[in-house]
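Each chain gets a letter, A, B and so on, in the order the sequences are listed, and its residues count up from 1.
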Amino acid sequence: MKFDTIIIGGGLSGLICGIRLAEQGKKCAIITMGQSALHFFSGSFDLLGHADGKEVTSPLAVIPTLPAVHPYARMGIEAIKNQLKEVKPLLMRAGIKVHGAHETNHYRLTPIGVMKPTWLSLDDFTRFDNPTELPWKKIAVLNLAGFLDFHAQFIADGLTKLGAECTLAAFSLEELESIRRNPSEMRSSNIAKVFENEKTRAKLIEKIKAYTETSDCIVFPSVFGLFSPHAMEDFRAQIQKPLCLISAIPPSVSGIRTQLMLRQRFQELGGTYMLGDTVKEGVMEGDKVHHLLTHNHGDIKMQATTFVLSTGSFFSHGLVADPYSIFEPIFGLDVEGPCDDNRQKWYDEQLFNKQPYLAFGVSTDSNFKAKKDGLVIDNLYVSGSVLGGCDPLKESCGAGVSILTSLQIADEIVH
Amino acid sequence: MSKKAKIKNFNVSENDFEQCVKCTVCTVYCPVVAVNPDFAGPKQSGPDGERLRLTDPKFYDESLKWCMNCKRCEVACPANVKIGDIIQSARIKYNKKPPSLRDVLLANTDFVGTMASAFAPIVNRTVALKPVRQLMDGVLKIDHHRIFPQYSGMKFETWFKKYAEKDQDNYKHHVSYFHGCYVNYNYPDLGKDLVKLMNAVGYGVHLLAKEKCCGVALISNGLIKQAKRGAKLNVESFRKSIVEDKRPVISTSSTCIFTIRDEYPHLLKIDNSAIRDQSELAVRFLFRLVDEEKIKLAFKKDYKARVAYHTPCHMEKLGWSIYSISLLKMIPGIDFVRLDSQCCGIAGTYGFKRENYPTSQAVGDPLFRQIEESNVDFVATDCETCKWQIEMSTSRKVKNPISVLAEALDVEATIALNQ
């Protein structure tokens, strides 16, 4: 099977790269082991939220001060500025509506009721410009009875600290009783499937209306619009009061939708998306990758001119740790990190401290071409969180690195 | 840093169930859990339940029977946990209830097929009668909405021996054909199409020394001993063809081939390593030959059709729909429509059972709607039970991609190209 480019990994980074290439007429395939980390999506894309433990207001002012190993530093500020312009239109073309700007971070309200700086938020979610002041006084924090993945009290506590008066309530709907019988599977995605039905949504809106008179804002879990934004938009339009949706515990409804819409866009552009397959081996010819062998395709070679490794970090098995080393399992690429092979140094016993293992990743040259045994592989690029040099959790930069490195690589491949 | 894992993962079981991180992605893509709250979902029935069952078998839960074994949970899993296998293995290991008469009848496609073929005109007319269907519903709990596939008067094997077998040795290359129960008893035309297509590209087609039902229905209905007997016989026939006669085995049913390749070792614990790589679907075999430029296909200039391809669940699991789609797209006169990959709801014998009928139809509903809206001439798919379900639930006819290729093929031109 022959393609122009084969991308390994079908999450945010792989899909953005595939879409960008396919939009420019390249014949692409994405091979992906299973569903991606977008199923854990907060609903906001971060560019750079923290640096040196301090909150970042203007990411572009701070990016030039990042250490040389950081993917943003490898990319360079000019390239970042160029690619940032492309992001919103690309998402828009896939039908994904976002708000926010890279010049200044805005804030999002997290599922535990605190404000975090971010770059772009899906239209589902509320944008706050000031993290210490709320635009509302009286807030009704509402939930569905039996839904354990939304912690209304946490959120109410957070909002109370910011000066709001919160009312908490939960209510049940006849249509949800059948999934409530199975409490461990009463998850946001299953609830969202019930709310695809317009009549059920109307009943919910009726229940919520009891609180709209006495409140300035309704806070509710994000359980609308698994397959298209329609249910969410319709719900928002009908509430007629400010509505602040908050992501529940994964699976993330808005994340699943984002994944589906990106995949849809990629396939509409002629891309081939192979879900549930594992790349077993990358076969080299000289200093280039010649073809891939996969679990599903056996002896049938997956050939391409260029390859992109977007396999993600430890969770997605882009990186694997054993007792002796951290390695990249497909090609055996060079892996670098902030410390050596001594496993004790990879982690801090205090969970919330900075964890060194998060900064491990595949070594590349300045064009994000992979290195193996110190030598650059000419047609293998590396994008997204399999790259090391940053701590996406502590720096709030995961989505930015995934999107921007992918766009940069796509441009490099096309030109 | 070193390059590869230096130690084996001694703490990882066959089904990888320790790798489950409870992310619930499997449940999102489970077609059953969305429509039937009695099913606890793949995570809870699979790896979560397995932890409990390992401590005490009394935690085995009857609700595992709701699983359709579609494997869409496995395709979605980011950690490669064999969730479907865990559920099916638990049913085999812990379910002590003997199968009902109905389940035995539905599962024995081989035996029932042989009997029914002998009296095909009578059987076809009788099971189509409304009172008979009501009676089967009442007595056997086979849902009365179901229309049984027609039995053919002449089995494929009989046709083959009578009309095709003698010419097959004249070809340069050779394959064996695992036709399966459906082609043999219900729809020999698909087998005839395969012979036509393979012959045109220079391959002789042969029957296996012996062939038993792949056993998918026996496994799902709990007739494990019988399934193992059939599987052993099939593996031996495949071995003779592949290892001794150097003839790869091809099939036209995605479920049969999936069962033989993956369910034999995973669920029946039957070693098929000697034959697995050369047991495959005809579409994959043909795609490889075209891809490696070893054969060429020529199509009729006047062939025109708007076709939608439906990905059967086991095809999704195999990751092989790309072969069928690529081959269909090679036909110049085809206006191709890609349907979303989603379960049709039948899951073999599952949808025939009265208690499963509402679940079955609710699962398939989004697919049926997409098919009706697609305005196609017909639907193409690699699975016979998907065909029955789609034909019963929509206004469209369904064809195997092999039949579509055979009908669009310019036989003379193809023979000339491959001499």
Side-chain angles (χ1 to χ4, degrees), chain A residues 1-2 29 31-37 39-40 177-182 184-185 187 189-190 193 226 249-251 256 264 267 272 274-278 294-301 312 315-317 320 322-329 331-337 340-341 360 372-373, chain B residues 1-9 19 21-30 33-45 48 63 71-81 261 276-278 280 284 287-288 291-292 316-323 325-326 338 340-341 366:
Chain A
M1 238 176 266
K2 293 179 193 77
I31 304 172
T32 184
M33 197 165 98
Q35 293 291 354
S36 79
H39 289 64
F40 302 75
E177 285 310 297
S178 70
I179 55 174
R180 208 182 154 187
R181 271 162 49 201
N182 189 356
S184 71
E185 300 305 310
R187 315 302 295 260
S189 55
N190 285 341
K193 285 176 189 166
L226 195 56
I249 282 179
I256 294 167
Q264 192 72 29
Q267 288 179 315
T272 302
M274 298 183 216
L275 179 66
D277 200 1
T278 309
T294 78
H295 176 83
N296 286 346
H297 295 296
D299 64 314
I300 295 176
K301 295 170 186 164
F315 174 79
S316 305
H317 301 248
V320 179
D322 71 11
Y324 312 107
S325 67
I326 291 173
F327 59 94
E328 185 285 309
F331 298 94
L333 300 173
D334 295 347
V335 169
E336 58 192 9
D340 60 20
D341 280 355
F360 276 85
K372 188 177 174 174
D373 304 323
Chain B
M1 288 283 155
S2 66
K3 302 296 177 191
K4 290 271 174 184
K6 286 179 195 142
I7 58 156
K8 268 176 85 175
N9 287 323
Q19 299 294 309
V21 295
K22 317 280 147 218
C23 72
T24 316
V25 166
C26 53
T27 303
V28 174
Y29 295 94
C30 174
V33 85
V35 297
N36 182 352
D38 291 330
F39 181 50
K43 177 167 74 81
Q44 203 185 323
S45 307
D48 279 9
S63 77
K71 310 278 190 198
R72 287 187 184 263
C73 48
E74 294 185 8
V75 175
C77 178
N80 258 343
V81 180
R261 284 172 62 98
R276 187 178 182 275
D277 287 348
Q278 289 195 68
E280 61 185 350
R284 189 184 198 228
F287 175 88
R288 184 191 292 104
D291 195 45
E292 292 175 354
E316 176 80 1
K317 171 66 182 160
L318 288 163
W320 290 1
S321 58
I322 187 164
Y323 306 130
I325 292 171
S326 302
R338 190 182 59 86
D340 293 337
S341 174

Is there a side-chain contact between [X] and [Y], using heavy atoms and a 4.5 Å cut-off?
X        : Y        : result
A/Glu336 : A/Asp334 : no
B/Asn80  : B/Gln19  : no
A/Pro251 : B/Val25  : no
A/Asn190 : B/Val33  : yes
A/Ile300 : B/Glu292 : no
B/Thr24  : A/His39  : no

Contacting moiety of [X], where chain B heavy atoms sit under 4.5 Å:
X        : result
A/Ile256 : side chain
A/Met1   : both
A/Ser178 : both

Query - Listed partners of B/Glu316 passing salt bridge (Lys or Arg N to Asp or Glu O under 4.0 Å), at least two apart - result: none

Among [options], residue most engaged with chain B (heavy-atom pairs, under 4.5 Å):
options                                : answer
A/Gln264, A/Arg180, A/Arg187           : A/Arg187
A/Asp277, A/Leu275, A/Thr278           : A/Leu275
A/His317, A/His295, A/Lys301, A/Gln267 : A/Gln267

At a 4.5 Å cut-off on heavy atoms, which part of [X] comes close to chain A: side chain, backbone, both, or neither?
X        : value
B/Ile322 : side chain
B/Cys77  : backbone
B/Asp291 : both
B/Tyr323 : side chain

Query raised in the report: Quick one: side-chain contact (heavy atoms from CB on, under 4.5 Å) partners of B/Cys26, sequence neighbours excluded?
Result: B/Pro42, B/Lys43, B/Cys73, B/Ile83

Query - Pairs of heavy atoms under 4.5 Å with chain A: top-ranked of B/Glu74, B/Lys317, B/Arg338 - result: B/Arg338

